[in-house]
Number of protein chains: 4
Amino acid sequence: MAGGTEEQIRRAAVHLFATRGFHATGIRQLAEAVGINSSTLYHYMGTKEDLLFAITQDSFRRLIDAADRLSPDLNPQVRLCGLVYLHVWSHATHPEETAVVDNELRSLDGDRLAQAVELRDRYEGLWASVIADGCASGTFAVQDPRIARIALLQMCSGVAGWYSASGKTSLRDLTTTYAQMALSLLSCGRDYRTIERLLDDLDLQPVVAAAWPESAI
Amino acid sequence: MAGGTEEQIRRAAVHLFATRGFHATGIRQLAEAVGINSSTLYHYMGTKEDLLFAITQDSFRRLIDAADRLSPDLNPQVRLCGLVYLHVWSHATHPEETAVVDNELRSLDGDRLAQAVELRDRYEGLWASVIADGCASGTFAVQDPRIARIALLQMCSGVAGWYSASGKTSLRDLTTTYAQMALSLLSCGRDYRTIERLLDDLDLQPVVAAAWPESAI
Amino acid sequence: MAGGTEEQIRRAAVHLFATRGFHATGIRQLAEAVGINSSTLYHYMGTKEDLLFAITQDSFRRLIDAADRLSPDLNPQVRLCGLVYLHVWSHATHPEETAVVDNELRSLDGDRLAQAVELRDRYEGLWASVIADGCASGTFAVQDPRIARIALLQMCSGVAGWYSASGKTSLRDLTTTYAQMALSLLSCGRDYRTIERLLDDLDLQPVVAAAWPESAI
Amino acid sequence: MAGGTEEQIRRAAVHLFATRGFHATGIRQLAEAVGINSSTLYHYMGTKEDLLFAITQDSFRRLIDAADRLSPDLNPQVRLCGLVYLHVWSHATHPEETAVVDNELRSLDGDRLAQAVELRDRYEGLWASVIADGCASGTFAVQDPRIARIALLQMCSGVAGWYSASGKTSLRDLTTTYAQMALSLLSCGRDYRTIERLLDDLDLQPVVAAAWPESAI
DNA sequence: CATGAATGAGTGTTCATTCAT
DNA sequence: AATGAATGAACACTCATTCAT
């Protein structure tokens, strides 16, 4: 359950970067959290920024991998629910990792920031095309699709900041609630049960299991 | 247009804290941005953290002042549009200040964090009561009012991160669009023109002029 | 009773230099103790070191003035008692000033240190000659007159560190006790009452009144 | 002869604290004296104050250890000579360390000052009891035993300020002279040779060798 | 594989002092 | 007579990182 030293470092970094912030996290704190000397860290990583970069890349790639697994044949309503599900699920189950990605990209230098932004743009492009498709087919109706996309992503990402698995809201309820709000925002309101069934039918467990292999759900 | 030194420091701090983050902002960078020696800073401020605290307190208070000016006699739909307007307007016109408030509270020490959180809770309480009223009266319909509130606030705060007054979206369009999305999310979809008129009638210019006196809009 | 600003500064400096030390005393602390702005200090003084120098010079000169007033016609035993009286009396009634002189000379730069040391040497020379006279006349008997002088001065100076006028020992008892110990150390033990009478007859009140005019005793 | 880096730091600190004072000694001066970078200091010590505290604790403990080795069976006259010997010997051979202890305690913060004062009180208690015993048995006769104790300690500590091993006074003469003066002060004058023999018989070399192991004398 | 030692650059903050007003 | 503004140097201390062992 402990994992290799490299994995422990990664985990400790995610935790510290998320709670204190990248710049407020010292290399010695990180080493102490892992239980090793700070010099030893450098056997397993490059610079502190390398570590941040690796974390963000992994996080983005997992999310993109999962989203890419959504069949393009599905209709926009279902695909949107799928995107919401994956985004909310990942932010609820990996709140620290996603918080780092959402808040600490600015600590990357030019090149790496560009790479990260590229991945983010690719991911947001998936949302953009679903929304565009839905608007084109008349399923969705919004004043400004771009603003709607930004609003939806922001709203879903917020989950990382407050959701607790030990609270009264189950992951299933959480994802369904967000999917329902998302559809409503797009003027495509649906009944809660309907969305529940829709997500059940979509059955994204294999997708998340593939993209986040460490979580046995 | 320059303002007193104290004001310049405040502005530079807001800018740097927003773009680089509190911990990544050095006291010397701040001084350089103002064009003074780093030791001179300390004639105008206490510690760096005092500065952050003052920024957050002011920002919160302005937002709360404005929101408090919304008449409680208005119906929930109108009050919600008003809250959205004020929130989005302030985040669009003061994106750096609001970004600092939204991202850097954790850099405050215990006592001050508590004070800031208290203000935030008061503000969020205004949203909670509007949503509750709307749900009670049947105007709004959501699966979970608390989650809806969090989602709405998150989505509106996002504006600080992307909106540019020089882009193609006017402040008027921006606020109307967000109000429309908010109502839709609460299962209370309304026509764009309807909301436009609603906000015109509400006439919040005096409110924002009172709460943010420096901005002549 | 407050005195002019200059006098207040002097007093505050003596107090702070004595309790915290010269280097640990900030110019702002000093100003605050006087109740003025730190810039205003510089209307009344030169540098911080000037202040220290002035304090030490005054203190030394008062002590030397007093000691010089002891008639050279008196016998060594009486003159020694007189020196002890003046030294102990000044250290008991001006403990902070004398503590500064005894502990902070090293904070003076070369020139001024030399001036201070010169005064100190002149003062110690008075003790040396009394002891030498007493040894020559057979009144005193010590293994090493120089060491005896150093020991006596050190022992008498210690009074500044512990004596409190509000304690159970009166100034009269204090000075008499030290005079007795000094004579004993010089192998010239005398009865307590004898020394008491000796000091009464010597009547040094006019001497201290002349050298320390501010103290009405 | 150089010793480990830690030992060099300790020695340099003792030297600088003694000559310049704690507050007048910069961390960079200290590092320079050792020949290392100022940041490297922090591999070997905590804060500057930690260093001062360690120095004072060690010094006090050595002196107390030595004094505790004096048999309580000895008569007051001999025990007093022993205390004087150890005190003078330590101040003559470790003048800088003892000067730091005697002058810089005030630079310690509350807790540590209290700890240091406690040790000092324990040590002075040893002197107090010897003096009390001698007065009770009639060996000593003083007007005020407490004042006598203070005077004796002060006079003996002064040695740190002037004695030089390269001068004309040997350590043996120095200690004997002080012991003789101390006894005289207590109205228990003894011949110089007598005290010399007394100290020879007491043979404190093993005691100092045990308490100050680094000095091969 | 792991660490102690080392460092230059940097941290936020305070220093004594000057000067225009 | 008094001060607010200003500064360069210094303060104690921490930073991320390297490297020999």
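In what follows, chains carry the letters A, B, and so on, assigned in the order in which the sequence lines appear, proteins first and then strands, with residues in each chain numbered from 1.
Atom CD1 in B/I9 sits roughly 13 Å away from atom P in E/dT13 (whole-Å rounding). Rounded to whole Å, atom C1' of E/dA5 lies 14 Å from atom CD of D/Q8. One interatomic measurement links the two molecules: CD of B/E32 to C1' of F/dT7, which rounds to 16 Å at whole-angstrom precision. We find that NE2 of C/H43 is positioned 15 Å from P of E/dT21, with the value rounded to whole Å. We find that OH of B/Y44 is positioned 12 Å from C1' of F/dT7, with the value rounded to whole Å. Following rounding to the nearest Å, D/D50 (CG) and F/dT14 (C1') show an atom-to-atom distance of 15 Å. Atom CG of C/L16 is separated from atom C1' of E/dC15 by 16 Å (rounded to the nearest Å). Between the P atom of E/dA16 and the CG atom of C/D109 lies a distance of 16 Å, rounded to the nearest Å.
For residues 22-62 of chain A, every residue pair satisfying the ring pair (Phe, Tyr, Trp, His ring centres under 6.0 Å) rule, not counting sequence neighbours, is listed here: A/F17-A/F22.
Remark: of the listed residues A/E96, A/E97, A/R10, A/E96 is the sole one forming a side chain to side chain donor-acceptor pair (under 3.5 Å) with A/H15.
Among residues two or more places apart in sequence or in another chain, the salt bridge (charged side-chain N to carboxylate O under 4.0 Å, His left out) test is passed with B/E104 by A/R106. When the salt bridge (charged side-chain N to carboxylate O under 4.0 Å, His left out) test is applied to B/D109, the partners found at least two apart in sequence or on another chain are B/R112. Residues that satisfy the side-chain contact (heavy atoms from CB on, under 4.5 Å) test with A/S39, not counting sequence neighbours, are A/N37.
Taking a cutoff of 4.0 Å between a charged side-chain nitrogen and a carboxylate oxygen, C/R28 and C/E32 do not qualify as a salt bridge.
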Protein N or O to nucleotides 8-12 of chain E N or O, pairs below 3.5 Å:
from: E/dG8; atom 1: OP2; to: D/N37; atom 2: ND2; distance (Å): 2.7
from: E/dG8; atom 1: O6; to: D/S39; atom 2: OG; distance (Å): 2.9
from: E/dG10; atom 1: O6; to: D/R28; atom 2: NH2; distance (Å): 3.2
from: E/dG12; atom 1: OP1; to: B/T25; atom 2: O; distance (Å): 3.1
from: E/dG12; atom 1: OP1; to: B/K48; atom 2: NZ; distance (Å): 2.8
from: E/dG12; atom 1: OP2; to: B/I27; atom 2: N; distance (Å): 2.8
from: E/dG12; atom 1: N7; to: B/R28; atom 2: NH1; distance (Å): 3.1
from: E/dG12; atom 1: O6; to: B/R28; atom 2: NH2; distance (Å): 3.3

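Other residues, nucleotides and ligands contribute over 12 non-hydrogen atoms within 6.0 Å of the CD atom of D/E49. The neighbour count for A/D121 CG, taken as heavy atoms of other residues, nucleotides or ligands under 6.0 Å away, is above 12.
The shortest non-hydrogen separation linking C/L113 to C/L105 is CD1-O, 3.6 Å.
Nearest-nucleotide mapping onto DNA chain E: of C/G46 and B/E49, the residue sitting toward the 5' end is B/E49. Comparing B/L41 and D/M45 against DNA chain F, the residue whose closest nucleotide sits nearer the 5' end is B/L41.
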Q: State the dot-bracket string of DNA chain F. Criteria: Watson-Crick or G-U wobble, both atom distances under 3.5 angstrom; notation: ( ) intrastrand, [ ] crossing earlier pairs, | interstrand, . unpaired.
A: .||||||||||||||||||||

